[in-house]
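Worksheet: one structure, shown below.
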Amino acid sequence: NLFVAWMFNTLVSLALVGGSSALVVGWAPAAGSSGVPEVMAYLNGILLPKVFNIFTVVVKFASCALAVASGLPVGPEGPMIHIGAAVGAALSQGHSTTLGFSTKIFRRFRNPKDKRDFVTAGVAVGVATAFNAPIGGLLFAFEEVASFWQHSLGWQIFFACMCATMTLNLSRSAGKALFHSGSFGWFNQDVVFEAGVEISAHILAVVPAAIVGLLCGVLGIGFTLLNLKIARFRDAMLGRYKWRRCIEPCLLVVVYVTGTMLLPRMFPCTPTRCVTYQNQVYCGVQNVTAALNGTGPPTGSPPLQLPLYTCSTGPVMADNGTWIPSTGTITPDSPTNASAVVFYNELATLMLNTGDETIKHLVSRGAHRRFSYQSLMVMLAWYFLGAAVAAGSAIASGLFVPMLMMGSILGRLVGLVTTDIADKYGQLLSSWTMTGALSNPWSWIDPGAFALVGAGAFMSSVTRLTIALAVIMVEISDDVHMLLPVLVAIMVAKWVADAATHSLYHALLEVKCAPFLVRRRSHAAAALALQAGSALAQ
């Protein structure tokens, strides 16, 4: 019953978002949004009111948990950075002006320099725990937020990130052991967006990677500008009225949930595409002939969850091969001995999962045709608008997961185009060589691989991260083979976005009227400084 399902989902999401917004508006307005621009302002010498207040931290934690659980296109990584910075600021002082107590511990750190270093370490630890990426956390603090850096601070932050990552993984393994779903001490299953199947990177992969970077740069410019327009409009229309700021995310979640429930109904049920040939399993191949003549993709990766949204099971047999069937499970790509194949809804698979699970679908390997052009483009447009409006509203939320999501979708679209080219000109590409050796295009063409490339490229176009982002993408995917295409896409996206806008976080500082030191002077300022120096010398 669609109406009952819509009513249930809407009421639950509305209650979660209402609680998240009420906490921010009523108790700690400084806990709204991600908090990353505020931390950057502090490390640049500007202390915004109550950024590291104990009530701000508590409300940030609770509001973020409720907002992420509501199903809005938001993520927890930004608030985790803010919380880590606040914990670092508190530990370095050993006292609280809000709670009215003071201790004798850590007195030697009660100075601006040491407090700033602890806040920087807190930022790095927040990134390390959010992505399970200790080196990426260190580089993020160095590249994005730190205004002052020392050699000793580098190894101290590295040690803090190492301890945080070890604590995180130990806690996860302890939870798995407690609920009998794993063994204590094993960390091998904790990769955030593990690709599943490693593929080799060909020099030709640089071409679609550069195209991904170009498209992500353009889309990142649009996302940044739209975000800033909405932020200024929100301040002008809602700034003086608390109840309006509280109602805004509630209206947004009703619209977003309604669209999430209705849009998948426009898409038909799709049968899984798995076929065996010469003891090889081919999944996601719509053109069965391509698999049977040996030009199909390699063995598929382990399947992920596919919701059976308005779909059913039914027998499907191929003319020139044996279809891999599945019983009425939610893992239709799993080979079994049954005589039916599960139908699934492509858009429902993308929309009805959590953000992390959807990204895992997008970056999964060996499922070339799991999502069509239509479903990916509809998902991109809907998620783009939802993320742009949700960012900056009166809830504690971040943009890291939305940025990875949109980049993954755009990268997978380019990967689908590359797959179509390989379908049509596969034999020609196989015979193309510079050394005389054959080069099978299916050994490196995979939409899931380019989805990973797109995730890094879009995030770079919005945040302008490069070094830290490249390391984070490798750490969260456990795939070092695609490092070169990732680097190319990140740099192209950054160059394209630099030509039009500032990074989103720096631009939000301007919206908040927080001063921020620019990294380079303009030519006019440099000429004026030169003239002043000459005058003083004379």
Side-chain angles (χ1 to χ4, degrees), residues 6-38 50 55-83 223-224 226-263 351-352 354-356 358 381-403 405-406 462 504-505 508 511-512:
W6 172 82
M7 183 65 68
F8 176 80
N9 287 339
T10 301
L11 290 178
V12 172
S13 298
L14 189 60
L16 293 172
V17 170
S20 175
S21 179
L23 287 173
V24 172
V25 175
W27 280 275
S33 191
S34 67
V36 176
E38 289 79 0
K50 298 184 178 180
F55 293 122
T56 300
V57 176
V58 173
V59 169
K60 191 89 173 184
F61 180 87
S63 177
C64 178
L66 294 174
V68 173
S70 69
L72 280 175
V74 297
E77 288 78 11
M80 290 182 68
I81 294 174
H82 187 184
I83 292 173
F223 183 78
T224 302
L226 179 60
N227 206 304
L228 296 176
K229 291 289 186 181
I230 293 174
R232 291 189 174 94
F233 177 80
R234 180 181 288 121
D235 288 341
M237 300 298 296
L238 311 177
R240 296 177 296 173
Y241 305 96
K242 287 186 176 182
W243 63 273
R244 288 186 181 180
R245 294 188 64 87
C246 190
I247 290 177
E248 181 206 1
C250 297
L251 295 177
L252 172 62
V253 76
V254 172
V255 174
Y256 190 80
V257 170
T258 302
T260 302
M261 295 288 293
L262 295 180
L263 287 174
M351 285 190 169
L352 300 183
T354 63
D356 291 348
T358 300
W382 186 247
Y383 204 88
F384 182 91
L385 294 175
V389 177
S393 59
I395 55 176
S397 62
L399 278 174
F400 282 82
V401 166
M403 286 188 288
M405 174 80 77
M406 290 180 280
V462 176
L504 178 60
Y505 293 137
L508 287 176
V511 173
K512 297 176 183 292

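As the structure is a prediction and not an experimental result, all values here were calculated from the model. For reference, positions follow the sequence shown, starting with 1.
- A distance-only check finds no donor-acceptor pair linking the side chain of Ser20 to the backbone of Leu16 [under 3.5 Å].
- Taking all atoms of both residues into account, the shortest heavy-atom contact from Ala31 to Ala396 is O-CB, 3.4 Å.
- In this structure, OG in Ser393 is found 10.0 Å from CG in Leu238, a value given to the nearest 0.5 Å.
- Note that CH2 of Trp6 and CG of Leu262 are 9.0 Å apart. Values are rounded to the nearest 0.5 Å.
- Without hydrogens or angle criteria, Thr10 side chain to Met7 main chain gives no donor-acceptor distance under 3.5 Å.
- Taking both residues in full, the closest heavy atoms of Val17 and Cys250 are given as CG1-N, 3.9 Å, listed atom of the first, atom of the second, then distance.
- Inter-residue side-chain proximity for Val462 and Leu399 is flagged as unmet; no heavy-atom pair is nearer than 4.5 Å.
- Considering CG of Leu251 and SG of Cys246, their distance stands at 10.5 Å, rounded to 0.5 Å.
- Minimum interatomic distance between Ala62 and Leu23 (heavy atoms only, all atoms of both residues): CB-CD1, 3.8 Å.
- Expressed to the nearest 0.5 Å, how far CE of Met237 lies from CD of Glu248 amounts to 11.0 Å.
- Closest of all the heavy-atom pairs between Ala394 and Val25 is CB-CG2, 3.7 Å.
- In this structure, CG on Leu252 lies 11.0 Å from CG on Leu14, to the nearest 0.5 angstrom.
- Checked options Ile230, Leu228, Thr224; the residue passing with Leu226 is Ile230 (criterion: side chain to side chain contact (heavy atoms under 4.5 Å, CB included)).
- Qualifying ring-ring contact (aromatic ring centres under 6.0 Å, His included) partners for Tyr383, counting only residues two or more places apart in sequence or in other chains: none.
- Summarising the geometry, atom OG belonging to Ser34 is positioned 7.5 Å from atom CG belonging to Leu508; distances are rounded to the nearest 0.5 Å.
- Proximity of Ile81 to Phe400: side-chain heavy atoms (C-beta onward) are separated by under 4.5 Å at one or more points.
- Using modelled atom types, one side-chain atom of Lys60 and one backbone atom of Ser33 make a donor-acceptor pair closer than 3.5 Å.
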### Task
Report the C-alpha separation of Leu72 and Ile395 in whole Å, then their side-chain angles, then the decisive distance to 0.1 Å, and conclude whether the side chain to side chain contact (heavy atoms under 4.5 Å, CB included) test is met.
CA-CA 11 Å; Leu72 280 175; Ile395 55 176; 3.9 Å; yes
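- Closest non-hydrogen pair, Ser63 versus Val24, comes out as OG-CG2, 3.4 Å.
- For Arg245, there are no salt bridge (Lys or Arg N to Asp or Glu O under 4.0 Å) partners at least two apart in sequence or on another chain.
- Residues Val401 and Gly355 share a closest heavy-atom pair of CG1-CA, 4.2 Å.
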